[in-house]
Amino acid sequence: IMSNKQFIYSSTIIVLGFIQTTPAFLMLASTNIAIIVLGIFWAILLAYIWSSTIIGRWFFKEWYRCTLRLEKFIFGSNAGC
């Protein structure tokens, strides 16, 4: 059972990750080639930042853990995780 603090923490981490990745997804969904290339560069930049900095690696690990934690909370212990 998740406490309110854990639920808010997990939700915040997921929302922050969504905010960071949304521009790349929107740009990649465009029909303009220049915008698509910009989206690819944005995704590469995010991958570089998430993998090369201590805070980025921490954030990516927490994003993954929080997603799994919320899946187990929503779908129960048999979430297939």
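None of these values were measured; they are calculated from a predicted model.
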Kindly write out the residues that satisfy side-chain contact (heavy atoms from CB on, under 4.5 Å) with Ile44, not counting sequence neighbours, or none if the list is empty. Ile40
Walk me through it: do Phe41 and Met27 pass the test side-chain contact (heavy atoms from CB on, under 4.5 Å)? CA-CA 10 Å; Phe41 283 136; Met27 288 181 216; over 6 Å; no
Once the angle between the rings of Trp50 and Phe59 is folded into 0 to 90°, is it parallel (under 30°), tilted (30 to 60°) or perpendicular (over 60°)? tilted
Common cluster, Leu38/Ile49, ILVMFWY with side-chain heavy-atom separation under 4.5 Å: no
Same apolar cluster (I L V M F W Y, side chains within < 4.5 Å links), Trp63/Leu45: yes
My understanding is that only residues two or more places apart in sequence, or in another chain, count here; which of them pass salt bridge (Lys or Arg N to Asp or Glu O under 4.0 Å) with Arg57? none
What distance separates Arg69 CZ from Ile13 CD1, expressed to the nearest 0.5 Å? 9.5 Å
Roughly how far, to the nearest 0.5 Å, is the CG atom of Leu70 from the CZ atom of Arg65? 14.5 Å
In terms of hydrophobic clusters joined by side-chain contacts under 4.5 Å, are Trp42 and Phe60 together? yes
Gly39 versus Leu28, closest heavy-atom pair with distance: C-CD2, 4.1 Å
Smallest heavy-atom separation, Gly56 atom then Thr53 atom, equals N-OG1, 2.9 Å
Residues two or more places apart in sequence or in another chain: which of them pass side-chain contact (heavy atoms from CB on, under 4.5 Å) with Thr22? Phe18, Leu26
